[in-house]
Amino acid sequence: SGWMAPAFAQSHLASPPIPPTPAPASQEPFFQVAHEGITLQTGDTWQQEGWTVRLFGVQACIRGTTYTNPVGEKLDCGEASALVLGAMLKDLQPKCRPLAQSGPDETSQRGTLLVVCVGTIGPNQVDLGTALILKGYTFASYLPDGKPVYPSYIVAESSARQNRAGLWAAPDLPYPNAIIAKAQQRR
């Protein structure tokens with residue numbers, strides 16, 4: 001996600017990512033996540049109707065890294081993140097609001113949308129990023145300078161870590177932010 005200008009992210013940190021009430025239908029900024037025909041790329045990114053859709057401020061586990069599950073099996077951490085995203089997209093039926101757009105490029109025929117999404121559990125609206133992070137299968141993402149992209153997600157991640165939720169229960173969690181930070185230091 002090197003295309004996202006830090007200035008853009010900084011300008012969106014002070015305000016909550018989701019308005020408390022949706023705009024009138026004529027100005028509806030949200031789109032519904034498709035029930036069929038989406039392709040999960042990672043635990044924070046999917047393809048829908050030619051778009052690559054990426055959750056703002058969320059970092060999935062990296063595909064190809066492994067963790068040990070409670071019964072001692074080594075599993076792909078990125079695959080675990082993607083499976084949980086798929087389940088939540090189905091269960092929460094979220095609507096998403098684009099914050100930024102790039103492309104199209106070789107990976108996406110229409111381009112990439114950076115989004116925040118809100119799903120429904122009973123009468124409550126739930127931020128999809130917060131729900132994924134609290135489950136322990138994705139994490140808060142960071143800017144190259146080490147600051148969180150969206151500080152509220154750090155609170156959710158801290159709670160998941162304390163509760164040993166999801167991947168935090170693994171004795172060998174390949175924490176993606178540490179892997180990314182190490183790769184950035186090598187540049």
Side-chain angles (χ1 to χ4, degrees), residues 1-13 15-19 29-65 76-119 126-145 147-154 156-157 166-167 174-177 179-181 183-184:
S1 55
W3 59 270
M4 183 180 77
F8 168 81
Q10 295 295 338
S11 71
H12 281 77
L13 291 179
S15 61
I18 308 298
F30 291 87
F31 65 89
Q32 184 71 49
V33 175
H35 296 288
E36 296 175 358
I38 70 166
T39 304
L40 298 174
Q41 291 185 321
T42 68
D44 58 38
T45 306
W46 66 93
Q47 290 201 295
Q48 172 178 336
E49 298 165 5
W51 291 100
T52 297
V53 183
R54 175 146 166 56
L55 289 172
F56 174 73
V58 176
Q59 175 62 56
C61 223
I62 298 169
R63 284 191 188 266
T65 61
D76 186 291
C77 199
E79 186 68 23
S81 283
L83 289 171
V84 172
L85 173 63
M88 285 211 179
L89 291 177
K90 184 178 178 194
D91 293 347
L92 299 181
Q93 300 183 358
K95 289 184 177 183
C96 301
R97 184 178 74 177
L99 299 177
Q101 178 181 338
S102 70
D105 57 37
E106 65 282 350
T107 62
S108 181
Q109 70 186 63
R110 292 176 76 181
T112 299
L113 297 174
L114 187 64
V115 301
V116 292
C117 301
V118 177
V126 179
D127 174 74
L128 180 61
T130 301
L132 287 164
I133 293 167
L134 283 171
K135 275 261 191 236
Y137 285 90
T138 63
F139 310 91
S141 63
Y142 290 83
L143 297 167
D145 65 6
K147 291 187 175 97
V149 171
Y150 185 61
S152 292
Y153 288 165
I154 298 299
E157 182 177 300
L167 296 167
Y175 185 58
N177 290 314
I179 295 167
I180 292 166
Q184 287 173 339

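Just so it is clear, the model here is predicted, and its values are computed rather than measured.
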Quiz item: Regarding D127 and Y150, is there a side-chain donor-to-acceptor distance under 3.5 Å anywhere?
Solution: no
Contact between [X] and [Y] at the side-chain level, heavy atoms closer than 4.5 Å - yes or no?
X	Y	answer
W46	L55	yes
S141	V58	no
L99	V116	yes
P29	P98	no
M88	K135	yes
W51	T112	no
Y137	L132	no
Q41	T52	yes

How close do [X] and [Y] get, counting heavy atoms only, and between which atoms?
X	Y	value
L40	G86	CD1-CA, 3.6 Å
L128	P94	CD2-CG, 4.3 Å
A156	L134	O-CD2, 3.6 Å
C61	P176	CA-CG, 4.1 Å
P148	L143	O-CD1, 4.4 Å
R110	P104	C-CB, 3.6 Å

Hey, could you give me the [atom1]/[atom2] distance between [X] and [Y], rounded to the nearest 0.5 Å?
X	Y	atom1	atom2	result
C117	F31	SG	CZ	6.0 Å
S81	L167	OG	CG	5.5 Å
I179	Q184	CD1	CD	12.5 Å
I133	T138	CD1	OG1	4.5 Å
L85	T45	CG	OG1	8.0 Å
L114	S102	CG	OG	8.5 Å

Quiz prompt | side chain to side chain donor-acceptor pair (under 3.5 Å) involving Q59 - partner list, sequence neighbours excluded | solution = none
Any donor-acceptor pair under 3.5 Å from [X] side chain to [Y] backbone:
X	Y	value
Q47	I38	no
R97	V118	no
Q32	Q93	yes
T65	I62	yes
D76	G64	yes

Exercise. Taking ring-ring contact (aromatic ring centres under 6.0 Å, His included) as the test, write out the residues that go with F139, two or more places apart.
Key: W168, Y175
Exercise. Take C96 and V33 through the side-chain contact (heavy atoms from CB on, under 4.5 Å) test and state the conclusion after the steps.
Key: CA-CA 7 Å; C96 301; V33 175; 3.5 Å; yes
